[in-house]
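As structure tokens, the structure follows; a few thoughts come after it.
Letters A, B, ... mirror the listed sequences (proteins, then strands); counts begin at 1.
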4 protein chains.
Amino acid sequence: MARKVNPIQDRQRRAGLEQAAYLAIFEQGYAGVTLSDIARQAGVSKGTLVYHFGSKEGLLAAVMRRFVRTIAVATRRALRQAVTPQAKLEAYVENQFYGLANTRRFYTVYLDFLAASTRDPALMQVQRAFVDETHRLDLALARLPGEAGADDRAWQLRAMVDGLSVRFLSDPDPDLERYRRLCLHGLTALLQLDERAG
Amino acid sequence: MARKVNPIQDRQRRAGLEQAAYLAIFEQGYAGVTLSDIARQAGVSKGTLVYHFGSKEGLLAAVMRRFVRTIAVATRRALRQAVTPQAKLEAYVENQFYGLANTRRFYTVYLDFLAASTRDPALMQVQRAFVDETHRLDLALARLPGEAGADDRAWQLRAMVDGLSVRFLSDPDPDLERYRRLCLHGLTALLQLDERAG
Amino acid sequence: MARKVNPIQDRQRRAGLEQAAYLAIFEQGYAGVTLSDIARQAGVSKGTLVYHFGSKEGLLAAVMRRFVRTIAVATRRALRQAVTPQAKLEAYVENQFYGLANTRRFYTVYLDFLAASTRDPALMQVQRAFVDETHRLDLALARLPGEAGADDRAWQLRAMVDGLSVRFLSDPDPDLERYRRLCLHGLTALLQLDERAG
Amino acid sequence: MARKVNPIQDRQRRAGLEQAAYLAIFEQGYAGVTLSDIARQAGVSKGTLVYHFGSKEGLLAAVMRRFVRTIAVATRRALRQAVTPQAKLEAYVENQFYGLANTRRFYTVYLDFLAASTRDPALMQVQRAFVDETHRLDLALARLPGEAGADDRAWQLRAMVDGLSVRFLSDPDPDLERYRRLCLHGLTALLQLDERAG
DNA sequence: GATGAATGAGTTTTCATTCAT
DNA sequence: AATGAATGAAAACTCATTCAT
């Protein structure tokens, strides 16, 4: 007997549980979080989590799918709202480093996710889809100064963002504005070089 | 009962166990590795590990200290052997992406380490010391084109390296030579831009 | 809240659910079947099962009562339809080994039931009533060759049937016709011996 | 690192745990027994059971292998000690119905085992090996009155034993002597008939 | 110094039962 | 009457740690 559920209600229920799980993962780590942690955070019983996601593994995978989907949507919206190339670049950076707590929470979980994906084929698939999607967005940015070498530039832009984010996490007293500046200047440098070379 | 040991022999013993643990961490993950995994890899009993390191936590911390020390030593040596600025840059990149299996093993463990350090104060301390040490090396590279803005450039260089490495791990069919090229060109772009701007 | 039901409709409803439960028990085992299994097989919700039978235990007991009742009815009818002693014996055997799938399903569940009854007093009561009822039928068969020792013979007849059935279940490639022959010849031997002895 | 154990000590340790598990299975049922039940019966922790047998499943399989091995050994010894055909038959029956508590315990567990084996391929394999082995012994008995039809007779002998044993378990006030008599007479009848027929 | 048997706290998972709708 | 979301008690299993040898 297939579960006869109201699809809308079920989706909302799951979304709430996934959000609670996201916070629990931030606090306890992807590998260290327990169903008890998540259940406590969500204010439900462990059984409820298993009921909705089949297993802990299923829940964590759902959280990560939602996580990368959310990122992609936010990035796309940021780029769409800006008009000039320079404004697009700034919106892109602002989106990556948006609020201290938010940025820390975001990259902490992302780092966990990356580490976990190196051993979990299902997570690796999610990560690869995310890489592909973000690469398409990066490519649009990289094309602005000219067509030649855009693909390489796109990978370099992303590397700058990811690399600064990793550093941000072990910065004992992070100054978000500084990371924004480092990022913006770095991206600018990467784009201008290739412009001249191309 | 105080351990009375020959310090030299003891150091060698521990070094061997730490190397085995490193391989076990690569295979099972920092969070997923068990004392049994490590004992199996090292060909000793679990008791031996606890005897030498006090606890699993102590062993893992020792592994990570050795890990970052090894990296720093290799980077320093690579930079010292090269003479011209351009050669230094190339040696730096070659050192970061040295051998497919090696690079994968290396960054897989590093990513695990970074993720774990966000929640473990002792590991975070190790990570911060490592960041400081590598920053000094990066700074030497960044100074080559001129003094102004060297600190910012150093962070950007490191970000490029780290960011490309992260991407490397989720690349389904990584071409090491391409990563070397992306890295070298990226670093060159970052250095030249600031040179002009400075 | 007393259940107010149409007794006829209710009996039919329960009969259908019990039949579904019987099939689920065959597939999952008496001890291994879950309410979800049964609900799926019956095409209803778990709540419906509990509503009609009070609990899982009540449902299983009802299934087993129906099960032994069905067996007794079939045996009685088989014996009634045959006229001569020889024909009665053959009808008896044919009834026990009727169809490969049917025989396997039947004895698989019966074995489960027997095993469960050794620890469940309520089931043991059902099993004892069943033993008494079948013994009366066996006694009629055993009397055919003469009165003396009929009770002993009746137990032996039943033992032959049960014993061959148990073996049937672990036969990797059972030949139903062979079991019928073994059973018929075995019963004949048991009856004739005592005939001479009596 | 393969477990370096003293094989003798390890075998004795396991044997003790298996015996405790056997008693726990008798009390709680094959499907109903828990690791806690067995640990309590054995006076060890649950962890110890898993340490020695890998899993609950592994432990139960070991218990059943030991169980059927013990039966086969006892039957073989009983038959070997007796000399004349009649004495062999009596020894066989005495071995099957040896002591009230013992017989009850024995068949209760055997019935559980049979029921479980219908759904567990590993157990079914154990059961089939047991059937083959006992059939060889039964065949020796069945050959005594002559070669013709010995195979059929062997199956019938075993059926009589198994069938009476099953009945024994639901007998509210079992008289062991009576079951011995029923069994001995039944077996005699089966053997004599075929002798005449052959 | 080294071992590995044993432990028990902590984890995921199962599932009969409850209950609001 | 019927549903199925939610629960929580109980289950199997994991594994760092202890300790007698």
Check your understanding: Could you go step by step and tell me if B:Leu35 and B:Leu59 meet the side-chain contact (heavy atoms from CB on, under 4.5 Å) rule?
Key -> CA-CA 9 Å; B:Leu35 277 182; B:Leu59 167 55; 4.3 Å; yes

Point to revise | Chi angles and distances behind the side-chain contact (heavy atoms from CB on, under 4.5 Å) call for C:Tyr30, C:Met64 | key: CA-CA 10 Å; C:Tyr30 188 90; C:Met64 286 309 159; 3.5 Å; yes

Check your understanding: Reading nucleotides 11-21 of chain E from the 5' end, what letters show protein touch, with B for base, S for backbone sugar-phosphate only, - for no heavy atom under 4.0 Å?
Key -> SBBBSSB----

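By the 6.0 Å contact criterion, CD on A:Gln28 is enclosed, its count of non-hydrogen atoms from other residues, nucleotides or ligands being greater than 12.
In this structure, the CD1 atom of B:Ile38 is 8 Å from the P atom of F:dA16, given to the nearest Å. Remark: C1' of F:dA6 and CG of A:Asp10 are 13 Å apart, rounded to the nearest angstrom. When the P atom of F:dG4 is taken as reference, atom CG of C:Leu49 falls 12 Å away, rounded to whole Å. Regarding C:Phe53, its CZ atom lies at a distance of 14 Å from the C1' atom of F:dA2, rounded to whole Å. Distance, D:Gln28 CD to F:dA10 P: 14 Å, rounded to whole Å. Atoms NE2 (B:His52) and P (E:dG1) sit 7 Å apart, rounded to a whole Å. In this structure, the CZ atom of B:Arg14 is 16 Å from the C1' atom of E:dA2, given to the nearest Å.
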Check your understanding: Which dot-bracket string describes DNA chain F (Watson-Crick N1-N3 plus N6-O4 or O6-N4, or G-U N1-O2 and O6-N3, all under 3.5 Å; [ ] crossing; | other strand)?
Key -> .||||||||||||||||||||

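One finds a side-chain N or O of A:Ser45 lying less than 4.0 angstrom from the OP1 or OP2 phosphate oxygen of F:dT7. A sub-4.0 Å separation between OP1 or OP2 of E:dG1 and a side-chain N or O of B:Arg13 is absent.
Taking the ring centroids of D:Phe67 and D:Phe130, they lie at or beyond the 6.0 Å cut-off.
Here salt bridge (charged side-chain N to carboxylate O under 4.0 Å, His left out) pairs that include residues 39-60 of chain D, with residues two or more places apart or in two chains, are D:Asp37-D:Arg40.
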Residues 116-124 of chain C, side-chain donor-acceptor partners within the protein, below 3.5 Å, at least two apart:
| from | atom 1 | to | atom 2 | distance (Å) |
| --- | --- | --- | --- | --- |
| C:Ser117 | OG | C:Leu114 | O | 2.7 |
| C:Thr118 | OG1 | C:Ala115 | O | 2.7 |
| C:Arg119 | NE | D:Phe26 | O | 3.2 |
| C:Arg119 | NH1 | D:Asp112 | OD1 | 3.0 |
| C:Arg119 | NH1 | D:Asp112 | OD2 | 2.8 |
| C:Arg119 | NH2 | D:Ile25 | O | 3.0 |
| C:Arg119 | NH2 | D:Phe26 | O | 2.8 |
| C:Arg119 | NH2 | D:Asp112 | OD2 | 3.4 |
| C:Asp120 | OD1 | C:Ala122 | N | 2.9 |
| C:Asp120 | OD1 | C:Leu123 | N | 3.3 |

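Here A:Ser45 pairs with A:Thr48 under the side chain to side chain donor-acceptor pair (under 3.5 Å) rule; sequence neighbours left out. Residues satisfying the side chain to side chain donor-acceptor pair (under 3.5 Å) test with B:Gln127, not counting sequence neighbours, are A:Ser170.
Comparing C:Gln9 and A:Val44 by the nucleotide of DNA chain F whose heavy atom lies nearest to each, the residue mapping closer to the 5' end is C:Gln9.
Cation-pi geometry between D:Arg14 and D:Phe53 is met: the NZ or CZ atom falls under 6.0 Å from the ring centre, inside 45° of the normal.
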